[in-house]
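Below, all heavy atoms of this structure are taken into account, side chains as well, without hydrogens, waters or symmetry copies.
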Amino acid sequence: MTIQQPPEAVMPRSYAPEFRRKVLDLVASGRKVAEVARLLGISDQTIYVGRRQHLIDTGQLPGATSSDLSELAAARKRIAELEAELAVHRRAAELLG
């Protein structure tokens, strides 16, 4: 089974779900984490973190699921946008008032 590494030259912040699934399948099939990491050019830690998150997502470990983390990131982004917009409005009110 051959898996191609994503084409980015710089390590991406996160991998595509299909890539992560294939990595976990390779480890679940009995390959060593170090071997899979070397084969795909990713760190051992990336695999361990992905495996732990999979266990959380499937309810085998307690913690925040991927969907919870995604919603939280979106909410934080929206809050930052609203805070920036509010700062613009406050500055405009200062200049006009």
Side-chain angles (χ1 to χ4, degrees):
M1 175 181 214
T2 302
I3 298 178
Q4 292 181 339
Q5 184 177 1
E8 295 86 9
V10 178
M11 290 293 289
R13 185 168 187 163
S14 64
Y15 294 99
E18 301 82 26
F19 181 77
R20 284 182 274 152
R21 179 77 252 149
K22 288 178 183 179
V23 169
L24 293 177
D25 287 345
L26 284 172
V27 173
S29 72
R31 287 189 152 174
K32 295 184 186 287
V33 170
E35 175 189 354
V36 173
R38 190 175 46 258
L39 174 71
L40 300 175
I42 59 178
S43 73
D44 295 8
Q45 190 62 32
T46 299
I47 297 174
Y48 288 120
V49 168
R51 186 168 57 181
R52 184 175 190 283
Q53 188 61 51
H54 174 71
L55 293 173
I56 291 170
D57 290 346
T58 58
Q60 299 175 43
L61 283 178
T65 64
S66 294
S67 62
D68 291 343
L69 295 173
S70 177
E71 288 176 21
L72 183 58
R76 286 182 174 155
K77 181 179 177 183
R78 181 65 179 140
I79 289 169
E81 291 169 356
L82 292 172
E83 286 175 342
E85 186 178 325
L86 180 59
V88 168
H89 287 288
R90 284 184 176 158
R91 182 67 178 141
E94 286 175 10
L95 293 173
L96 298 174

Trace of the side-chain contact (heavy atoms from CB on, under 4.5 Å) decision for Thr46 with Tyr15: CA-CA 10 Å; Thr46 299; Tyr15 294 99; 3.7 Å; yes
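Taking hydrophobic clusters as Ile, Leu, Val, Met, Phe, Trp and Tyr residues chained together by side-chain heavy-atom distances below 4.5 Å, Val33 shares a cluster with Val36. If you chain together hydrophobic residues whose side chains sit under 4.5 Å apart, Val27 and Phe19 fall into the same group. Linking Ile, Leu, Val, Met, Phe, Trp and Tyr residues whenever their side-chain heavy atoms come within less than 4.5 Å places Tyr48 and Val23 in a single cluster.
One finds the CG atom of Leu61 at 10.5 Å from the CZ atom of Arg51 (value rounded to the nearest 0.5 Å). Interatomic distance, Leu40 CG to Ile47 CD1, rounded to the nearest 0.5 Å: 6.5 Å. From Ile79, atom CD1 reaches atom CG of Leu86 across 12.5 Å, with rounding to the nearest 0.5 Å. Note that the CD atom of Glu83 and the CD atom of Glu81 stand 11.0 Å from one another [nearest 0.5 Å]. Once rounded to the nearest 0.5 Å, the distance linking CG of Asp57 with OG of Ser67 reads 7.0 Å.
When every heavy atom of Ser43 is checked against every heavy atom of Ala37, the shortest pair comes out as C-CB, 3.9 Å. Taking both residues in full, the closest heavy atoms of Ala34 and Asp44 are given as CA-OD1, 3.8 Å, listed atom of the first, atom of the second, then distance. Among all heavy-atom pairs drawn from Leu69 and Ala64, the shortest one is CD2-CB, 3.8 Å.
Under the 4.0 Å criterion applied to side-chain N and carboxylate O atoms, Arg21 and Glu18 are not assigned as salt-bridge partners. The existence of a salt bridge linking Glu35 and Arg38 is excluded, since no basic side-chain nitrogen approaches an acidic carboxylate oxygen closer than 4.0 Å.
Residues Arg91 and Val88 fail the side-chain proximity criterion, which asks for heavy atoms closer than 4.5 Å.
In terms of the side-chain contact (heavy atoms from CB on, under 4.5 Å) criterion, residue partners of Thr58 (sequence neighbours excluded) are, by chain and number, His54, Gln60.
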